[in-house]
Amino acid sequence: MHSFGHRFSTLITLSGFLLVLSCSLASLTDIFNSPSVHAHAEVLKINRFRKQLNGNDEVTLTLNMSMDLRSTFTWNTKQVFVFVAAEYETPKNSLNQISLWDHIIPNKDQAKFETQIACKYPFIDQGSNLRGKKIKLVLHWYVMPKTGRTIADMMVMSDISLPQTYT
Ligand SMILES: *[C@@H]1O[C@H](CO)[C@@H](O)[C@H](O)[C@H]1NC(C)=O
């Protein structure tokens, strides 16, 4: 004898199972989708390069960037968050990482673009280490899925050297 309540709970269990199954499949396809991201950056202009009154170096850059993150999008991708960081070594820290720009890519159609930007955030060193400094411009991205775990990855967009003198 099957009561209504019994059938109802069978239905719940089955749909719960299907939900778990489809979430696992979604995460699995993300694991097997190894994206090939292309990205490039170059410095168009050093707008200002100076030592602040407190002794910290400050530089403002205009960058020309192009990136193609279309391969990070699957049917399970909600959005992709990207940020560009200036990364460099100083005697005090083996990694200094300063975010210069960030952006949310809402869909695959907007995942390939070229842009010329003055950095959104100031590039300020904790000290005066920036003259002649070699800097890596690194693209970091976070693929945020509809279900499953966020996947983080990164690539070096370019290696630049800052000028030897302030402007
Ligand atoms: C920006 O870079 C692209 C190549 O990635 C190049 O085709 C374009 O001319 C550059 N734009 C400027 C303003 O330098």
Side-chain angles (χ1 to χ4, degrees), residues 26-27 29-146 148-167:
S27 310
T29 53
D30 279 347
I31 290 166
F32 290 116
N33 178 49
S34 56
S36 62
V37 167
H38 302 279
H40 181 73
E42 64 192 350
V43 176
L44 287 182
K45 196 158 172 269
I46 306 240
N47 302 304
R48 186 159 72 170
F49 186 20
R50 61 165 192 159
K51 189 194 282 219
Q52 296 180 326
L53 289 175
N54 61 16
N56 293 338
D57 279 354
E58 175 191 3
V59 60
T60 54
L61 306 170
T62 300
L63 300 177
N64 180 21
M65 299 192 293
S66 58
M67 58 190 81
D68 182 353
L69 288 113
R70 287 175 301 175
S71 63
T72 60
F73 279 82
T74 67
W75 60 274
N76 188 39
T77 307
K78 189 161 83 191
Q79 61 187 25
V80 176
F81 172 74
V82 292
F83 77 92
V84 172
E87 298 185 2
Y88 59 101
E89 264 181 49
T90 53
K92 218 165 104 187
N93 303 311
S94 62
L95 175 65
N96 296 271
Q97 187 188 61
I98 296 175
S99 177
L100 301 178
W101 177 84
D102 56 35
H103 182 61
I104 290 171
I105 303 171
N107 56 51
K108 191 174 184 171
D109 291 341
Q110 294 175 51
K112 180 176 194 270
F113 58 92
E114 188 187 307
T115 183
Q116 289 84 41
I117 50 120
C119 294
K120 231 166 150 175
Y121 308 111
F123 180 177
I124 299 169
D125 184 41
Q126 295 174 324
S128 59
N129 301 294
L130 294 186
R131 279 167 301 167
K133 180 61 79 182
K134 280 194 200 320
I135 309 279
K136 284 186 195 314
L137 295 176
V138 182
L139 179 69
H140 294 258
W141 66 90
Y142 293 86
V143 181
M144 299 175 175
K146 290 174 184 153
R149 282 185 305 126
T150 294
I151 297 166
D153 210 343
M154 54 175 252
M155 68 172 281
V156 176
M157 299 173 95
S158 62
D159 291 288
I160 61 169
S161 290
L162 291 177
Q164 295 288 349
T165 54
Y166 298 120
T167 54

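First listed ligand is number 1; within each ligand, the first listed atom is number 1. All values derive from a computational prediction rather than experimental measurement. Keep in mind that the numbers below use all heavy atoms, side chains included, and drop hydrogens, waters and symmetry copies. Just so you know, residue 1 is the first one in the sequence shown, and it goes up from there.
- Side-chain polar atoms of H103 and Q110 form no donor-acceptor pair below 3.5 angstrom.
- Annotation: side chain of M67 is not in contact with side chain of H40 (no heavy-atom distance under 4.5 Å).
- Scored by the ring-ring contact (aromatic ring centres under 6.0 Å, His included) test, Y166 finds F49 as partners (sequence neighbours excluded).
- Relative ring orientation between F113 and W101 is described as tilted, the plane-to-plane angle lying within the 30° to 60° band.
- Protein residues with a heavy atom under 4.0 Å from ligand 1 are E42, L44, N64, S66, E114, Q116.
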For a quick test of your reading: what N or O donor-acceptor pairs under 3.5 Å do the side chains of residues 117-127 make, sequence neighbours left out?
| residue | atom | partner | partner atom | Å |
| --- | --- | --- | --- | --- |
| K120 | NZ | D102 | O | 2.8 |
| K120 | NZ | D102 | OD1 | 2.7 |
| Y121 | OH | D102 | OD1 | 3.3 |
| Y121 | OH | D102 | OD2 | 2.9 |
| D125 | OD1 | Y88 | OH | 2.6 |
| D125 | OD2 | N129 | N | 3.0 |
| D125 | OD2 | N129 | ND2 | 2.7 |

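- Residues satisfying the ring-ring contact (aromatic ring centres under 6.0 Å, His included) criterion with F81, sequence neighbours excluded, are absent altogether.
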